[in-house]
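Just so we're on the same page: letters track the sequence lines, and every chain starts at 1.
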Number of protein chains: 2
Amino acid sequence: MRISSRGEYGVRALFDLAQHYGEGPIPLKQIAERQDVSDHYLEQLMGALRKAGLVVSVRGAQGGYELARPPEAITIGDVIRALEGPVLTVYGAQAETERAETVDSPERLALVETWKKLSQRVNEVLDSVTLAHVCDEAARMKARDDSFMYHI
Amino acid sequence: MRISSRGEYGVRALFDLAQHYGEGPIPLKQIAERQDVSDHYLEQLMGALRKAGLVVSVRGAQGGYELARPPEAITIGDVIRALEGPVLTVYGAQAETERAETVDSPERLALVETWKKLSQRVNEVLDSVTLAHVCDEAARMKARDDSFMYHI
DNA sequence: TCCAATTCCGAGTAAATCAATCGAGATTTC
DNA sequence: GAAATCTCGATTGATTTACTCGGAATTGGA
């Protein structure tokens, strides 16, 4: 149950794009540098994010990436699901749904229902935070820093 | 963000023990058979669950495992954390907290805060379901089955 | 007292996944 | 046309996962 580097770097990258939303396409190299991620690796991730419809890309010189939707409309859950697959799937899940015979006893059904419910609620949690929220938080942090500076 | 076999099998095993709570120690072999898990593998998991204080074991003949607390007092989160480590840790988390220099910019702080908050809320979700709840669900499923049988 | 039923423990292993890296190509602006 | 970009697929080393195996220690009962 951990967030892998794909998820973490992806969120960092989209947060970066959120902070530059409206400024036109941002080249990947800039993002990679600011967020301290290998640009070759980030390339892979951006490919997945593009296919998931979270970013749009502009090729060629002066090209780059930008958010496909405003930061208010992209959630952490969107990013995680795009990069790490469905959230809180259980080990045998797809195997079991294929051969429907195994899901029959009330005990198994109860477990399946439990995982389904938990998965839904975890998704709700991850979808309750948008990129815009993270930007707000960063602004708040920055304001705190500044006021601290002022009082010295 | 998936639940590995450790988590899934562990929940199955403890659910099994919950259904036999109060009947004295249940041998691992029975659990493994009922829950369709390799007994050697389950042994490993039970070791971890014992060290986490979720089950107690009785060695020797007529021995086995039982829940250390009533099913109402053990959550899915307890099981997952015992078997898969802390929930929703992010990739670089421990590395970053060690060298405190990296966590400094308002942007990084905002991300750290975001992950912390999300992690806390995911834990709350996982802790909102107890083994007793799963047993209740199973009972409900069983009742539905029975009433279906009756109406044929 | 011995035996059968158990838990306990550590080592080993094949497969999958992860985290990158690399290189060659396609596209666009200047 | 040259430089700046994105695009795509292959490769690789490290780590994790999901087991398996063998044997030691413990206990209840015949």
Side-chain angles (χ1 to χ4, degrees), chain A residues 1-13 17 23-33 35-52 54-68 80 82-86 89-95, chain B residues 1-13 17 24-33 35-52 54-68 80 83-86 89-95:
Chain A
M1 273 286 289
R2 68 193 252 277
I3 300 289
S4 74
S5 69
R6 288 174 67 87
E8 190 188 348
Y9 295 171
V11 168
R12 276 201 224 165
L17 287 184
E23 301 178 14
I26 312 285
L28 179 136
K29 208 159 189 178
Q30 270 185 39
I31 309 174
E33 204 158 309
Q35 301 300 324
D36 194 31
V37 177
S38 140
D39 52 351
H40 270 295
Y41 189 38
L42 187 54
E43 215 170 70
Q44 275 189 18
L45 307 185
M46 293 309 280
L49 292 169
R50 182 174 49 84
K51 278 170 192 156
L54 299 182
V55 300
V56 291
S57 59
V58 180
R59 297 175 74 155
Q62 262 61 39
Y65 294 93
E66 45 191 334
L67 296 183
I80 300 298
L83 294 173
E84 315 205 6
T89 47
V90 292
Y91 175 60
Q94 73 284 21
Chain B
M1 272 288 287
R2 68 191 253 279
I3 299 289
S4 74
S5 69
R6 287 174 67 87
E8 189 189 348
Y9 295 170
V11 168
R12 275 200 225 165
L17 286 184
I26 312 285
L28 179 138
K29 208 158 191 181
Q30 270 185 37
I31 309 174
E33 204 158 307
Q35 301 299 325
D36 196 31
V37 177
S38 141
D39 51 352
H40 269 298
Y41 189 38
L42 188 53
E43 214 171 71
Q44 276 189 17
L45 309 185
M46 294 310 281
L49 293 170
R50 182 173 49 85
K51 277 169 192 155
L54 299 182
V55 300
V56 291
S57 58
V58 179
R59 297 178 74 157
Q62 261 63 38
Y65 294 92
E66 45 192 333
L67 297 184
I80 300 299
L83 294 173
E84 315 205 6
T89 48
V90 293
Y91 176 59
Q94 73 285 20

Value rounded to 0.5 Å, distance of [atom1] in [X] from [atom2] in [Y]:
X	Y	atom1	atom2	result
A/L28	A/L42	CG	CG	4.5 Å
B/M46	B/L54	CE	CG	9.5 Å
B/L17	B/I31	CG	CD1	4.0 Å

Opening and closing nucleotides of DNA chain D in contact with chain B, under 4.0 Å to non-hydrogen atoms: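 Under 4.0 Å from chain B, the extent on DNA chain D is D/dA18 to D/dG28.
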
5′-ward residue of the pair A/Q62/B/R2 relative to DNA chain C: B/R2

Closest non-hydrogen atom pair between [X] and [Y], with its separation:
X	Y	answer
B/L83	B/L45	CD2-O, 3.7 Å
B/H40	B/E43	O-CB, 3.1 Å
B/M1	A/I3	CG-CD1, 3.7 Å
B/G7	B/I80	CA-CD1, 4.1 Å

side-chain contact (heavy atoms from CB on, under 4.5 Å) between A/V56 and A/E66, worked out: CA-CA 6 Å; A/V56 291; A/E66 45 191 334; 3.7 Å; yes

Salt-bridge criterion met for A/E33 and A/K29 (N-O under 4.0 Å): no

Members of residues 38-48 of chain B that approach DNA chain C, where some heavy atom sits under 4.0 Å away: B/E43, B/Q44

Position toward the 5' end of DNA chain D (nearest nucleotide), A/R59 or B/V58: A/R59

Short side-chain to backbone donor-acceptor contact, A/R6 and A/E84, under 3.5 Å: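 Not a single qualifying donor-acceptor pair exists.
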
Leading and trailing nucleotides of DNA chain C with any atom under 4.0 Å from heavy atoms of chain A: C/dA19 to C/dT29

